[in-house]
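The structure appears right after this line, and notes come after that.
Just the heavy atoms: all of them, side chains too, but no hydrogens, waters or symmetry mates, feed the values below.
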Amino acid sequence: MTTFLSSEVRAGLELARKSALKSSSRLRVHAGEAIVPVLQFEANRFGVDAEAAPKLRGLVDIYDGARHLYQALIVTSTEEDGLRVYEFKRNTMASSGPALDFVRDEDAPAGLLPNH
């Protein structure tokens, strides 16, 4: 048995799939001034809407709402099922504090008060 769907039905199904992905994801990619919603995210790649996405390349930041999650270097892009898929060359977790290059003592003071 073969199934046939008209082009209008297929386009409607594709539109419904994309809108479901958009509503379920809070992730956003920031590349300069461009902010693009992430529709698919995996360990080594992410996907955005192919029609709305600019040609991203280089260093980008990935946010979950207002929280900075990753700083990533993306190198290639392909198009699959209406999504433009970018692969990570480097994907580093963002940290809120400075990097520590030494071991901190457990009894170290939290801060110093000035002499007045």
| task | State yes or no: do F88 and M93 share one hydrophobic cluster built from I, L, V, M, F, W and Y residues joined by side-chain heavy-atom distances below 4.5 Å, directly or via other members? | result |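 Yes, same cluster.
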
| Single-linkage hydrophobic cluster L56~I62, side-chain heavy atoms < 4.5 angstrom |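 Same hydrophobic cluster.
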
Can you measure from [atom1] ([X]) to [atom2] ([Y]) and round to the nearest 0.5 angstrom?
{"X": "R45", "Y": "Q40", "atom1": "CZ", "atom2": "CD", "answer": "5.0 Å"}
{"X": "H30", "Y": "Q71", "atom1": "NE2", "atom2": "CD", "answer": "13.0 Å"}
{"X": "L73", "Y": "R57", "atom1": "CG", "atom2": "CZ", "answer": "10.0 Å"}

| query | How close do A72 and N91 get, heavy atom to heavy atom, and via which atoms? | reply |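 Here A72 and N91 meet closest at CB-OD1, 3.9 Å.
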
| said: So which atom in R28 and which in P37 form the shortest heavy-atom distance, rounded to 0.1 Å? | reply: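 Closest heavy-atom pair between R28 and P37: NH1-CB, 3.4 Å.
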
| request: Measure from the ring center of F41 to the ring center of Y70 and say whether it is less than 6.0 Å. | output: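 Yes, close enough.
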
| task | Go through the steps to decide whether L69 and L27 satisfy the test side-chain contact (heavy atoms from CB on, under 4.5 Å), and finish with yes or no. | result | CA-CA 9 Å; L69 295 179; L27 296 178; 3.6 Å; yes

| query | Hey, does V48 have a side-chain heavy atom less than 4.5 Å from the side chain of Y86? | reply |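 Yes, at least one pair of side-chain atoms sits under 4.5 Å.
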
| message | For R90, I'd like to know if atom CZ has over 12 heavy atoms of other residues, nucleotides or ligands within 6.0 Å. | response |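 Yes.
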
